[in-house]
Amino acid sequence: MVELSIELGSVLLLAFGLKGLAKIRTARTANGLAALAICLAVVGLLLQQGLGGWPWMLLGLGIGGGLGAVLALRVAMTSMPETVALFNGCGGMSSLLVAIGAVQLPTPLNLVGQVSVLVSVLVGAITFSGSLVAMGKLQEWLGTPGWTLRPQRHAVNILLAVACLVCCVLVLKGMAVALILLTVLSLLLGVGLTLPVGGADMPVVISLLNSYSGVAAAAAGFVVGSELLIVAGAMVGAAGLILTQVMCTAMNRSLTSVLFGGALGAGSSEPGDGAGGREEYTNVTSCSPEECALTLEAAERVIFVPGYGLAVAQAQHSLKELARLLEQHGIEVRYAIHPVAGRMPGHMNVLLAEADVPYDQLVEMDDINPDFPRTDVVIVLGANDVVNPRAKSDPASPLYGMPVLEVDQARTVFVVKRSLGSGYAGIRNDLFELPQTSMVFGDAKQVLQSLLQELRSLGVGKVAVGAGNTR
């Protein structure tokens, strides 16, 4: 009775935790609730299994908890997408091992248990190998081989999928060796489905793999009779699918085109290496941080557009310091967040939250787009495809139809980038040549620190701090 109460309590806590993760303001507390739910579930399992299983479970808890603590303390914000992909893979492998372990028990499984084992093995193995490939591509350990972009790859993946289904039938008929073959084929299928995906589509793939890990966990819950695993897996699976659809909508890509079509930005794992990146710019204006600071000093409304370049430079704290200085000068500051900015869903939200940027200053794309025409200065920090006006005007562009931040409507735009290299879509950015746009070339952190120095030399912020703001 005690064990059942603990498990039900953990299910409720997990449900509240997952619900709280939907909002930035409650995400930290919600994450703690979810962690507490898992701890309670482990305690309930220890009580249920008796003293015999304690040493092994505590050993696993210690090793897993220790590795998780090390990762949490040492992983850089730029490596967070790779870490999420790795965690997805670990979830898939856990479900796979649980299913294989259940088969080894002396008590035979009923039909529901057998089908659950097959789902856990199939989806868990695909999640594991696919997540490792995604992590390797994000870390630039793996590229996109040319042969994976040919139509023949579909035939290979279809053959692997059919072979997996055949193995499932053989397992149900009692052929034990077919389970091993199913595991191997599923691992290969995960590689085959993920390897052709280009860098620009990786946020969608990470969301989808997250959903897969939830499905595998729910199936494992049926295998071992755990209500928590069933509920948690179902929630994660459903949330992952919803997020995947949101990402596809934000990129104007269908899920089928991501998985089976031409991969956006697949020709290279490095931004700017695509064919479109070789288009020449003929009318680009550049300026120094000093000129940018003079314009900022006279502005009333400023919007920052964070992108992956901000994360690479680890410049979020410098950005927060610059925003605070502008606010002391009476300037309204906000941050425009595109759903797929960065390399995973919510990457920019997490990055700015690390610098304690106020939640109410983070504004989603649909809400902030109408405000760009009345904005004095927009500073784009490392973003590229998500601010490219070609998505609205060029039907031949791979970005056409993709919702973008309409920064081209602002009165003045400063784009902070190391170079004129293209984004993952591999095309030129028309924003760079607009008359109101100036490029500020350099590392985002160095540029922001230069802006801080220049603004302080101009006396920005001193009047507001010393005698109140009269702007």
Which pair of heavy atoms, one from [X] and one from [Y], lies closest together, and at what distance?
X      : Y      : value
Asn384 : Gly421 : ND2-O, 3.1 Å
Tyr400 : Lys392 : CE1-O, 3.8 Å
Ala341 : His347 : O-CB, 3.8 Å
Leu86  : Met135 : CB-SD, 3.8 Å

* State whether the side chain of Ser213 and the backbone N or O of Asn88 hold a donor-acceptor pair below 3.5 Å, judged by distance alone. => no
Within the structure provided, determine whether [X] and [Y] are in side-chain contact (heavy-atom separation under 4.5 Å).
X      : Y      : result
Leu352 : Ile337 : yes
Val231 : Leu14  : no
Pro403 : Met365 : yes
Cys287 : Val440 : yes
Thr295 : Phe414 : yes
Asp408 : Val413 : no
Leu455 : Leu326 : yes
Arg418 : Asp443 : yes

* Arg28, CZ atom: more than 12 neighbouring heavy atoms under 6.0 Å -> no
* Scan residues 307-323 for pairs that pass salt bridge (charged side-chain N to carboxylate O under 4.0 Å, His left out), counting only residues two or more places apart or in two chains. => Glu321-Arg456
Anything under 3.5 Å between a donor and an acceptor, one on a side chain of residues 184-196, the other on a protein residue two or more places apart or in another chain? List them.
{"unit_1": "Ser186", "atom_1": "OG", "unit_2": "Leu182", "atom_2": "O", "d": "2.7"}
{"unit_1": "Thr194", "atom_1": "OG1", "unit_2": "Gly190", "atom_2": "O", "d": "2.9"}

Measuring from [X]:[atom1] to [Y]:[atom2], what's the distance to the nearest 0.5 Å?
X      : Y      : atom1 : atom2 : answer
Ser318 : Leu451 : OG    : CG    : 10.5 Å
Gln361 : Glu327 : CD    : CD    : 4.5 Å
Ile206 : Ser211 : CD1   : OG    : 14.0 Å

* From the options Val415, Leu405, Val404, select the one residue that forms a side-chain contact (heavy atoms from CB on, under 4.5 Å) with Val387. => Leu405
* Quick one: list whatever passes side-chain hydrogen bond (donor to acceptor under 3.5 Å, both in side chains) with Asn369, sequence neighbours left out. => none
* Matching residue for Arg334 among Asp371, Asp367, Thr375 - test: side-chain hydrogen bond (donor to acceptor under 3.5 Å, both in side chains) -> Asp371
